[in-house]
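A quick write-up on the structure given underneath.
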Amino acid sequence: MQIKSRFDHYNINVKDLNKSIEFYKKALGLKEKKRRDAKDGSFTLVYLGDEYTDFLFELTWLRDRQEPYELGDNEIHLCIRVDGDYNEVRAFHKQMGCVCFENKDMGLYFIEDPDGYWIEILPAKQG
């Protein structure tokens with residue numbers, strides 16, 4: 001059997017949904033594409049997307065979660081390619097105070113969201 005698949009979405013849990021939505025809008029230009037609220041108010045799912053692909057980034061907010069999420073030592077991350085002048089984008093992220101790691105030899109850097117998740121930032125054109 002040969003399975004054919006395609007990416008649909010990637011999920012993270014967030015403590016403050018509005019703060020996270022604003023961060024991803026400001027830092028990466030992602031926009032809310034759809035939302036699902038539990039009938040009992042126990043959770044909200046917000047799906048963010050870009051202007052170029054059908055891929056969705058799901059933010060899950062759980063009403064009863066009070067403490068920050070423990071991300072542990074698992075070095076998973078999301079990677080985003082950005083259009084425009086890469087150095088200007090990096091300067092903007094530095095101004096936001098969210099750049100958490102740079103590897104100039106590899107030509108990349110990471111930003112950190114309000115919950116401590118890292119997002120790798122690469123230029124749109126592959127080098």
Side-chain angles (χ1 to χ4, degrees):
M1 169 189 271
Q2 181 178 356
I3 300 197
K4 295 181 179 181
S5 64
R6 65 176 177 86
F7 285 106
D8 183 78
H9 73 274
Y10 182 77
N11 166 262
I12 62 170
N13 287 15
V14 299
K15 187 174 174 195
D16 184 327
L17 184 59
N18 291 328
K19 187 175 182 179
S20 293
I21 291 170
E22 182 58 32
F23 173 83
Y24 284 102
K25 179 181 177 182
K26 182 176 181 180
L28 300 171
L30 300 181
K31 296 185 172 114
E32 185 172 330
K33 299 292 185 173
K34 61 182 178 177
R35 176 184 291 247
R36 178 174 176 224
D37 295 303
K39 289 181 183 177
D40 65 359
S42 62
F43 69 85
T44 298
L45 308 176
V46 172
Y47 296 87
L48 304 177
D50 59 35
E51 298 177 29
Y52 310 103
T53 69
D54 292 330
F55 183 82
L56 295 172
F57 185 49
E58 177 186 342
L59 305 179
T60 297
W61 172 81
L62 303 172
R63 176 189 62 206
D64 297 333
R65 181 71 182 208
Q66 300 301 315
E67 63 278 359
Y69 286 96
E70 175 56 51
L71 303 184
D73 295 328
N74 188 1
E75 294 188 24
I76 61 169
H77 66 272
L78 181 67
C79 180
I80 302 277
R81 289 193 178 269
V82 295
D83 286 330
D85 185 314
Y86 187 66
N87 290 322
E88 284 182 24
V89 174
R90 182 187 350 231
F92 176 73
H93 287 147
K94 283 185 176 185
Q95 181 183 2
M96 285 181 64
C98 62
V99 173
C100 58
F101 180 77
E102 292 185 76
N103 185 327
K104 293 184 180 180
D105 290 337
M106 292 181 68
L108 60 86
Y109 67 98
F110 287 80
I111 60 174
E112 185 173 1
D113 84 352
D115 289 282
Y117 294 101
W118 284 25
I119 301 97
E120 181 178 357
I121 308 297
L122 293 173
K125 294 182 181 180
Q126 297 179 4

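None of the values given here were measured: they were computed from a predicted structure. Starting from 1, each residue takes its place in the sequence as its number.
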Test log, rule side chain to side chain contact (heavy atoms under 4.5 Å, CB included), inputs E102 and K94: CA-CA 11 Å; E102 292 185 76; K94 283 185 176 185; 3.1 Å; yes
Stepwise side chain to side chain contact (heavy atoms under 4.5 Å, CB included) check, R90 with I121: CA-CA 8 Å; R90 182 187 350 231; I121 308 297; over 6 Å; no
Derivation of the side chain to side chain contact (heavy atoms under 4.5 Å, CB included) call for H9 and L45: CA-CA 12 Å; H9 73 274; L45 308 176; over 6 Å; no
Pair I111-L28, side chain to side chain contact (heavy atoms under 4.5 Å, CB included): steps then yes or no: CA-CA 10 Å; I111 60 174; L28 300 171; 4.1 Å; yes
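At a threshold of 4.5 Å between non-hydrogen side-chain atoms, the residues D113 and Y24 count as touching. Using a 4.5 Å heavy-atom cutoff, the side chains of E112 and F101 are not in contact. Between D105 and N103 there is a side-chain heavy-atom pair separated by less than 4.5 Å. F23 is listed as a side-chain neighbour of C98, based on a closest heavy-atom distance under 4.5 Å. Between D50 and F55, the closest side-chain pair of non-hydrogen atoms is not below 4.5 Å. For the pair I12/Y69, no side-chain contact is recorded, criterion being any heavy-atom separation below 4.5 Å from C-beta on. Considering only heavy atoms from C-beta on, R35 comes within 4.5 Å of I21 through its side chain.
Taking NE2 from H93 and CZ from F110, the interatomic distance works out to 13.5 Å, rounded to the nearest 0.5 Å. In this structure, CZ in R36 is found 10.5 Å from OG1 in T44, a value given to the nearest 0.5 Å. Atom CG of N13 is separated from atom OH of Y117 by 5.5 Å, given to the nearest 0.5 angstrom. Interatomic distance, CG of N11 versus OG1 of T60, reported as 3.5 Å (0.5 Å rounding). Here the straight-line distance linking atom CD of E32 with atom CG of L59 works out to 9.0 Å at 0.5 Å rounding.
Nearest heavy-atom pair, L122 versus C79, reported as atom, atom and distance to 0.1 Å: CD1-SG, 3.5 Å. Here the shortest heavy-atom pairing between L62 and F43 reads CD2-CB, 3.8 Å. Minimum heavy-atom separation, A124 to D83: CB-OD1, 3.0 Å.
Between the side chain of R81 and the backbone N or O of P123 there is at least one donor-acceptor pair closer than 3.5 Å. Here the side chain of D115 pairs a donor or acceptor atom with the backbone of K15 at under 3.5 angstrom.
Shown here is D54, whose CG atom has no more than 12 heavy atoms of other residues, nucleotides or ligands within 6.0 Å. Within 6.0 Å of atom CZ in R63, more than 12 heavy atoms from other residues, nucleotides or ligands are found, so the atom counts as buried in its surroundings.
Note that K33 lies outside the cation-pi zone of Y47, set by a 6.0 Å cut-off to the ring centre and a 45° limit from the axis.
Between Y109 and Y86, the ring center distance clears the sub-6.0 Å criterion.
Ion pairing between E51 and K31 holds under the 4.0 Å rule for side-chain N and carboxylate O. Under the 4.0 Å criterion applied to side-chain N and carboxylate O atoms, E67 and R65 are assigned as salt-bridge partners.
Cluster annotation: V82 and Y52 are assigned to distinct hydrophobic clusters (Ile/Leu/Val/Met/Phe/Trp/Tyr, side-chain heavy-atom contacts under 4.5 Å, transitive).
Aromatic ring orientation, F57 versus Y10: parallel (interplanar angle below 30°, classes split at 30° and 60°).
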